[in-house]
Amino acid sequence: MDRQSTPDPSSAPSSALRVIAVVGLGTMGTGIAEVLARAGRQVIGIDISAAAAEGASAALDASTARAVRREKITEAERTEILARFRTSTELSAAAEADLVIEVVPEDYATKHEVFTALDAVVRPEAILATGTNALSVTRLAADSARPERVLGLHFFNPAPAMKLVEVVSSVLTAPAAVTAVTELARELGKEPVAVGDRPGFVADGLLFGYLNQAAAMYESKYATREDIDAAMRLGCGLPMGPLALLDLIGVDTARTVLEAMYAASGDRLHAPAPILGQLSEAGLTGRKAGRGFYTYAAPGGAEVVADAETPGDAHELAASRTVRSVGVAGSGTMASGIAEVFAKAGFAVVLAARSQEKADTAKARIAKSLKRSVDKGRMTAEAREETLARITPAGSLDAFAEVDLAVEAVAEDLAVKQQLFQSLDKVCKPGAVLATTTSSLPVVACARATSRPQDVIGMHFFNPAPAMKLVEVVRTVLTGDDVHATVRAVCAKVRKHPVDCGDRAGFIVNALLFPYLNNAVKMVQEHYASLDDIDAAMKLGGGYPMGPFELLDVVGLDVSLAIEKVLHREFRDPGLAPAPLLEHLVAAGCLGRKTGRGFREYAKA
């Protein structure tokens, strides 16, 4: 609660909004009240529940005491903060407020009742802000006696720590009101982004579609909840997996937000997955109930405990094949990275390319990578030489004759991969495991190019392979149990985290990531928000390491478009159709950082 760096509480606020009422003193309302009081505002906390009002005072008392102990503020400053906060159970207490922020339950009738009552209480020039993240700000404004003074002010939980604030204008909102609350947000140490009125706004509008797809993926039994969450944490660098995040947000809350989004968009990606309704109706709403997608040690707690769905170790018990030597086919960055991973783990590696020169160049790339590790103190010079000695570059797949595992990392072109698997089938010894690193093509199509489809499996590494911990292990309907067990055992030896998934487009990570990226492009295409605001919203509000447009430019717009097309073709969902703006940029040769221009321009390609 004390992580936010706030302005000096003793300084007088420059904004005209000096007295602020917060209506609804649940977790969010209490957090907002704390932020305001710390930043020098006079705060009136209002809740019909006396217990909630007392709880808000106690929470502020406790958090400021913690801040004093941690030497974030002085005892004198704490006294001043506490003196600036008072509570009431009557809306009439808002009469003197310059700004009222309502954060009552996410129900239109309840909010409408609050706004109607406030119309009779507040001064004509007072601004009324709703904290909704799903309901129509325009509808609330239209029902108000002062629609030009109504807007949305969407904080993120926990309010004292989270930097993002979405400032939501309706077609009725006066620009002066927007300017006033935007200035206030900055004085609170927040990052305001300006958005229009649509369900979910920017951050939740993108986040909840992704969460919904993850819930549907789990419901279809495509992957376990643990593997879905691990895939998105390790594959995308997210702080939490989607199912754990749904439990934290509240399954019922997520369902409400998605219902509002679907009503407005008609996009099937926003239609709540049935499991969200089933869990909500059963009272299994997540952490607050002690059970949702996961089971928790106690209601409100974060400790996950084993339950009937906790995976066992059946795949570890299955018989596996011995792997001592590995062949890696390809000469690009991914092939070099995978070869480095296996060599570091002690495997003898054959790195085969289309020519000896290309193979030697790929090994030289590995040598440079290992030298960087030595320079950074991550490995010794002796370990580097031993690792390089395990790698044998070859100009032909014939060198794979005795390898126990062959991994292809060639161009993402099905015809090219099928031709390569035909060659592997002829060259590799009986019993060798044949793996593809494809991120979007059907693994079974590679398997059918061989006479031993039971030996073929997907091992989708993530770039850069030496750094990224995730490997998606992709079984086809023909893959043998021993092959699956072998690849999982190999992943453990190379210190990667394997997640199991079936052979369908996008596997786990790309199937969840790229629709989210595509929806971000649609927001810009529709002039709903700017690139910078969307990127800021997802980094500050969603904890993403990169904004969607930063990521698209890094991945490559052509690569992203190709994956979007594969997803759309396989799932036939209109909502997965690539955004026309993405197609236009690719057609214009604006492919991202590699060409010097994508959604943004770069100094050089």
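Numbers here simply count residues along the sequence, with the first being 1.
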**Item:** Reported CZ-to-OG distance for the pair Arg354 and Ser331, which is rounded to 0.5 angstrom
**Value:** 6.0 Å
**Request:** Evaluate the criterion salt bridge (Lys or Arg N to Asp or Glu O under 4.0 Å) for residue pair Asp360 and Arg365; output intermediate values, then yes/no.
**Result:** CA-CA 9 Å; Asp360 290 338; Arg365 186 184 299 118; over 6 Å; no
**Item:** Contact check, side chains of Leu246 and Leu243, non-hydrogen atoms, under 4.5 Å
**Value:** yes
**Message:** With heavy-atom distances below 4.5 Å as the criterion, would you say the side chains of Lys371 and Ile366 are in contact?
**Reply:** no
**Item:** Shortest non-hydrogen separation from Ile508 to Cys501 and the atoms involved
**Value:** CG1-CB, 3.9 Å
**Message:** Do Val524 and Leu581 make a side-chain contact, defined as non-hydrogen atoms from C-beta onward lying under 4.5 Å apart?
**Reply:** yes
**Message:** Could you check whether any side-chain heavy atom of Met468 comes within less than 4.5 Å of a side-chain heavy atom of Phe461, counting everything from C-beta outward?
**Reply:** no
**Prompt:** What are the two closest non-hydrogen atoms of Pro515 and Asn510, and how far apart are they?
**Reply:** CD-O, 3.7 Å
**Message:** In the structure I gave you, are the side-chain heavy atoms of Leu207 and Leu211 within less than 4.5 Å of one another anywhere?
**Reply:** yes
**Request:** Can you see which heavy atom on Ala335 is nearest to which on Val328, and at what distance?
**Result:** O-CG1, 3.5 Å
**Over-ring placement of Arg291 relative to Tyr296, 6.0 Å and 45° cut-offs** = no
**Request:** Would you indicate whether the side-chain heavy atoms of Val586 and Leu591 approach each other to under 4.5 Å?
**Result:** yes
**Working for side-chain contact (heavy atoms from CB on, under 4.5 Å), residues Leu397 and Leu424** = CA-CA 7 Å; Leu397 288 177; Leu424 291 176; 4.2 Å; yes
**Complete:** dist Thr479:OG1 -> His484:NE2 (nearest 0.5 Å) comes out at 9.0 Å
**Complete:** To the nearest 0.5 Å, atom OG1 of Thr436 lies from atom CD of Glu408 at 3.5 Å
**Prompt:** Quick one: are the ring centres of Phe507 and Tyr222 less than 6.0 Å apart?
**Reply:** no
**Message:** Run the salt bridge (Lys or Arg N to Asp or Glu O under 4.0 Å) test on Asp204 and Arg198 for me, step by step, so that the C-alpha distance in whole Å, both residues' side-chain angles and the decisive distance to 0.1 Å come before the verdict.
**Reply:** CA-CA 10 Å; Asp204 286 352; Arg198 60 190 257 181; over 6 Å; no
**Gap separating the CD1 atom of Ile275 from the CE atom of Met217, nearest 0.5 angstrom** = 13.5 Å
**Item:** Ile563 CD1 to His568 NE2 distance, which is reported to the nearest 0.5 Å
**Value:** 16.0 Å
What donor-acceptor contacts under 3.5 angstrom involve side-chain atoms of residues 278-286, with partners at least two apart or in another chain?
unit_1 : atom_1 : unit_2 : atom_2 : d
Ser280 : OG     : Leu276 : O      : 2.8
Glu281 : OE2    : Arg255 : NH2    : 3.3

**Request:** Specify the closest pair of heavy atoms between Thr310 and Glu226, including all atoms of both residues, with the distance to one decimal.
**Result:** CA-OE2, 4.1 Å
**Asked** What do the steps show when you test Val326 against Val403 for side-chain contact (heavy atoms from CB on, under 4.5 Å), and what is the final call?
**Response** CA-CA 5 Å; Val326 178; Val403 301; 5.9 Å; no
Please output the side-chain donor-acceptor pairs of residues 545-562 that fall under 3.5 Å, not counting sequence neighbours, one pair per line with the distance.
unit_1 : atom_1 : unit_2 : atom_2 : d
Glu550 : OE1    : Lys539 : NZ     : 3.1
Glu550 : OE1    : Gly547 : N      : 2.8
Asp553 : OD1    : Phe599 : N      : 2.9
Asp553 : OD2    : Phe599 : N      : 3.3
Asp553 : OD2    : Arg600 : N      : 3.2
Asp553 : OD2    : Tyr602 : OH     : 2.5
Asp558 : OD1    : Lys594 : NZ     : 2.8
Asp558 : OD2    : Lys594 : NZ     : 3.1
Ser560 : OG     : Gly556 : O      : 2.9

**Prompt:** Under a 4.0 Å N-O cut-off, is there an ion pair linking Lys288 with Asp252?
**Reply:** yes
**Prompt:** How far does CD of Gln418 sit from OG of Ser423, to the nearest 0.5 angstrom?
**Reply:** 12.0 Å
**Asked** Quick one: are Thr486 and Val323 in side-chain contact, heavy atoms under 4.5 Å?
**Response** yes
**Prompt:** Does the pair Asp425/Arg452 count as a salt bridge with the N-to-O cut at 4.0 Å?
**Reply:** yes
**Request:** I would like to know whether Thr333 and Ser336 meet side-chain hydrogen bond (donor to acceptor under 3.5 Å, both in side chains); could you show each step before the answer?
**Result:** CA-CA 5 Å; Thr333 304; Ser336 300; over 6 Å; no
**Message:** Any salt bridge linking Asp307 with Arg225? Criterion: basic side-chain nitrogen under 4.0 Å from a carboxylate oxygen.
**Reply:** yes
**Derivation and outcome, side-chain hydrogen bond (donor to acceptor under 3.5 Å, both in side chains), residues Thr438 and Glu412** = CA-CA 7 Å; Thr438 183; Glu412 194 73 348; 2.7 Å; yes
**Message:** Does any part of the side chain of Met459, heavy atoms only, come nearer than 4.5 Å to the side chain of Val473, both counted from C-beta?
**Reply:** no
**Request:** State plainly whether the residues Glu526 and Lys522 are in salt-bridge range, i.e. N to O under 4.0 Å.
**Result:** no
**Asked** Angle class for the Phe347/Phe342 ring planes (parallel below 30°, perpendicular above 60°, tilted otherwise)?
**Response** perpendicular
**Prompt:** Are more than 12 heavy atoms from other residues, nucleotides or ligands located less than 6.0 Å from atom CD of Glu385?
**Reply:** yes
**Request:** Begin from the C-alpha positions of Ser265 and His270 and carry the test side-chain hydrogen bond (donor to acceptor under 3.5 Å, both in side chains) through to its verdict.
**Result:** CA-CA 8 Å; Ser265 70; His270 299 152; 2.8 Å; yes
**Message:** With a 4.0 Å cut-off on N to O distance, would you call Asp229 and Arg233 a salt bridge?
**Reply:** no
**Message:** What I want to find out is whether Glu570 reaches Arg504 closely enough, with some N-O distance under 4.0 Å, to be called a salt bridge.
**Reply:** no
**Item:** Where Met523 and Ile534 come nearest, the two heavy atoms and their spacing
**Value:** CB-CD1, 3.7 Å
**Asked** Are Asp404 and Lys429 within salt-bridge range, i.e. N to O under 4.0 Å?
**Response** yes
**Asked** How far apart are the closest heavy atoms of Lys344 and Pro466, and which atoms are they?
**Response** NZ-CB, 4.4 Å
**Prompt:** Between Arg384 and Asp375, is there a side-chain N and carboxylate O pair less than 4.0 Å apart?
**Reply:** no
**Request:** Kindly indicate, with the supporting measurements, whether the criterion side-chain contact (heavy atoms from CB on, under 4.5 Å) is fulfilled by Glu472 and Phe462.
**Result:** CA-CA 9 Å; Glu472 289 178 318; Phe462 286 73; 3.7 Å; yes
**Request:** Output, in order, the C-alpha distance, side-chain angles, deciding distance and verdict of side-chain contact (heavy atoms from CB on, under 4.5 Å) for Asp455 and Val433.
**Result:** CA-CA 5 Å; Asp455 292 340; Val433 174; 5.8 Å; no
